[in-house]
Structures are given as structure tokens and as C-alpha cells.
Peer 1: 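Would you mind keeping the following structure in view while I ask a few things?
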Amino acid sequence: MKFTVLYGTESGNSELIAEDLGAKLRETELDVEVADLQDTDPASLGADRFVIVVCSTHGDGDLPNTAIPFAEAFDAALPDLTGMRYAMFGLGDTFYEATYSQGSEHIDRRFAAQGAIRVGEYGRHDASSWDLGSDVALEWLPGVLEAAAEPASA
Ligand SMILES: Cc1cc2nc3c(=O)[nH]c(=O)nc-3n(C[C@H](O)[C@H](O)[C@H](O)COP(=O)(O)O)c2cc1C
């Protein structure tokens, strides 16, 4: 299976986690790419790969800077993502009670609306916790890989 790990970030936390997930995947998988959402053409996405999105929250429950051009390009292109399976890992801070971890959900809603199917648990990291984001993400990954290995239901 081909894996694409995409990140949206402002201060680098999501990038670090995405790189750590990519390194872990490369231990067992041959085709793994890690890319910034701002360098990703939404039209390049499709059912030929499994996509993992790592994305933080900024502003008031909004997307981080590097995810904004992707979301704009996505809305203009509205790519057909039928059959594409993906997993989400959102970053946020429970200090922002009303908008906790909502940034990544802007991407999740777009993918789902275009026919993509989310598998596994929705991963989250809370910057107010004592846990390191990469530790949480690396604990979350095996469950996602298990779900990704199951045949897509009709
Ligand atoms: C100015 C600012 C606004 C933020 N707004 C939110 C928010 O609305 N909701 C939330 O859950 N986290 C919010 N956060 C927390 C970030 O999502 C969190 O620190 C995350 O780890 C940053 O990841 P990044 O370095 O990949 O951007 C905000 C952080 C900053 C600095």
C-alpha cells in the first residue's frame, strides 16, 4: 500500500509528528511520502493510497497557515475521493475549550464530503497534556494500520 502523510502546521508540531509517523511507516512499508499540505495538490489525492493527515488548530478553531492554501485549492477543485481511505490526527489545546482540536476537522469534513472514508480512531493531541505529540501518535498508529489493512466494506 502507498502511504501519504500530510501535515498542516504553524509552529512545527504537526510536521514533527508527521515525520515521526513517516519514519515508523518506512520501517515496514516501501512507499511512504510525507508532505506539507501547502505543497499538496488536492487533485493528486485518490484511492491509490492511504492518507494520514496531521493537522493543528489555530485562530479560533481554524486551520493552521500551511493548511489554508490546500483547503482553498480543495474547494476550487472538489476532487473525487471516492474509495480513498484516510486517518486523522488533530492537534489542539484544551485551554481553548470551545474550539478544542477543531482545525483538523475542517480537512476531515472536506475529505468525507468528497467520498473518502475515515478509518481507525480519530487521533488527538492536547498541548496542555504532559504527553509528547509523537508518543501519542505512535501509540495511535497501529490501530489505524490494522483498520487500513481490512478490506473496505461495500
Ligand atoms: C494563536 C494560537 C491559537 C490557537 N487556537 C487554538 C484553538 O482554537 N483550539 C485548539 O484546540 N488549539 C489551539 N491552539 C493550540 C495549537 O493547536 C497547539 O499548540 C498545536 O500543538 C500547535 O501545533 P502546530 O505547531 O503544528 O501548529 C492555538 C495555538 C496558538 C498559538
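As the structure lists them, so they are numbered: ligands from 1, and atoms in each ligand from 1. Numbers here simply count residues along the sequence, with the first being 1.
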Peer 1: In terms of residue, atom name and distance, what is the protein heavy atom nearest to atom 23 (O) of ligand 1?
Peer 2: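 Looking at atom 23 (O) of ligand 1, the protein heavy atom closest to it is Ser56 CB, 3.2 Å.
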Peer 1: Evaluate whether atom CD of Glu121 has more than 12 neighbouring non-hydrogen atoms of other residues, nucleotides or ligands under 6.0 angstrom away.
Peer 2: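 It does not: Glu121 CD has 12 such atoms or fewer within range.
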Peer 1: Evaluate the side-chain proximity of Asp36 to Leu6: yes if any heavy-atom separation is below 4.5 Å, no if none is.
Peer 2: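 Leu6 vs Asp36: side chains apart.
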Peer 1: Please write down residue, atom name and distance for the protein heavy atom closest to atom 3 (C) of ligand 1.
Peer 2: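 For atom 3 (C) of ligand 1, the nearest protein heavy atom is Tyr96 OH, 3.5 Å.
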Peer 1: Which bit of Ser101 gets closer than 4.0 Å to ligand 1, counting heavy atoms only: side chain, backbone, both or neither?
Peer 2: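 Contact part for Ser101 vs ligand 1: backbone (N, CA, C, O).
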Peer 1: Which protein heavy atom lies closest to atom 14 (N) of ligand 1, and at what distance to 0.1 Å?
Peer 2: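 The answer is Thr57 O, 3.2 Å.
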Peer 1: Compute whether any side-chain donor of one residue and acceptor of the other, for Tyr7 and Ser56, lie under 3.5 angstrom apart.
Peer 2: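 Result is no, nothing qualifies.
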Peer 1: In Å and rounded to the nearest 0.5 Å, what is the NE2 to OG1 distance from His58 to Thr99?
Peer 2: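 So the gap between those two atoms works out to 11.0 Å.
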Peer 1: What I want to check is whether the side chains of Thr4 and Glu33 have a donor and an acceptor closer together than 3.5 Å.
Peer 2: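 Short answer, yes.
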Peer 1: Please determine if Gly61 has a nitrogen or oxygen closer than 3.5 Å to a nitrogen or oxygen of ligand 1.
Peer 2: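 Gly61 vs ligand 1: N/O contact under 3.5 Å present.
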Peer 1: Look up atom CE in Met88 and atom CG in Asp108, then write down how far apart they are to the nearest 0.5 Å.
Peer 2: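 Nearest 0.5 Å value for the CE-CG distance: 5.0 Å.
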Peer 1: Decide salt bridge (charged side-chain N to carboxylate O under 4.0 Å, His left out) for Glu105 and Arg110; before the verdict, give the C-alpha distance in whole Å, the side-chain angles of both, and the deciding distance to 0.1 Å.
Peer 2: CA-CA 8 Å; Glu105 295 173 17; Arg110 283 173 167 85; over 6 Å; no
Peer 1: For atom 8 (O) of ligand 1, which protein heavy atom lies nearest, and how many Å away is it?
Peer 2: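 Nearest protein contact, heavy atoms only, for atom 8 (O) of ligand 1 is Thr99 OG1, 2.7 Å.
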Peer 1: Are any of the N or O atoms of Ala127 closer than 3.5 Å to those of ligand 1?
Peer 2: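 No.
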Peer 1: Which atoms of ligand 1 are found less than 4.0 Å from any heavy atom of Ser11?
Peer 2: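 Answer, ordered by atom number: 24 (P), 25 (O), 27 (O).
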Peer 1: Quick one: look up the protein heavy atom nearest atom 20 (C) of ligand 1 and list residue, atom name and how far away it is.
Peer 2: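 Of the protein heavy atoms, Asn13 ND2, 3.8 Å lies nearest.
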Peer 1: Any nitrogen or oxygen of Glu15, main chain or side chain, under 3.5 Å from a nitrogen or oxygen of ligand 1?
Peer 2: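 No.
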Peer 1: Are any non-hydrogen side-chain atoms of Val54 and Ser14 less than 4.5 angstrom apart?
Peer 2: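 Yes. Closest side-chain heavy atoms under 4.5 Å.
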Peer 1: Please state which option from Gly103, Gly12, Gly92, Ala18 has its nearest heavy atom closest to atom 18 (C) of ligand 1.
Peer 2: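 Answer by nearest heavy atom: Gly92.
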Peer 1: With no hydrogens and no angle check, do the side chains of Asp126 and Tyr100 hold a donor and an acceptor under 3.5 Å apart?
Peer 2: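 Distance-only check fails for Asp126 and Tyr100.
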Peer 1: Based purely on interatomic distance, does His58 place a nitrogen or oxygen under 3.5 Å from a nitrogen or oxygen of ligand 1?
Peer 2: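 Yes; at least one N/O pair falls below 3.5 Å.
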Peer 1: Report the distance from atom CG of Leu37 to atom CG of Leu63, rounding to the nearest 0.5 Å.
Peer 2: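 If I round to the nearest 0.5 Å, the distance is 8.5 Å.
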Peer 1: Is the shortest N/O to N/O distance between Gly8 and ligand 1 below 3.5 Å?
Peer 2: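 Checking ligand 1 against Gly8, no N or O pair falls under 3.5 Å apart.
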Peer 1: May I ask you to identify the nearest protein heavy atom to atom 5 (N) of ligand 1, giving residue, atom name and distance to one decimal place in Å?
Peer 2: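 The closest heavy atom on the protein side is Gly59 O, 3.2 Å.
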Peer 1: Please report the interatomic distance CG(Leu30) to NZ(Lys2), rounded to the nearest 0.5 Å.
Peer 2: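 It comes to 13.0 Å.
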Peer 1: If you measure every N/O of Gln102 against every N/O of ligand 1, is any gap under 3.5 Å?
Peer 2: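 No; the residue has no nitrogen or oxygen that sits under 3.5 Å from a nitrogen or oxygen of the ligand.
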Peer 1: Among all protein heavy atoms in this structure, tell me which lies nearest to atom 12 (N) of ligand 1, with the distance rounded to 0.1 Å.
Peer 2: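 Residue, atom and distance for the closest contact: Asp93 N, 3.2 Å.
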Peer 1: Can you list the atoms of ligand 1 that are under 4.0 Å from a heavy atom of Thr9?
Peer 2: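 Checking each atom against Thr9, I get 24 (P), 25 (O), 26 (O), 27 (O).
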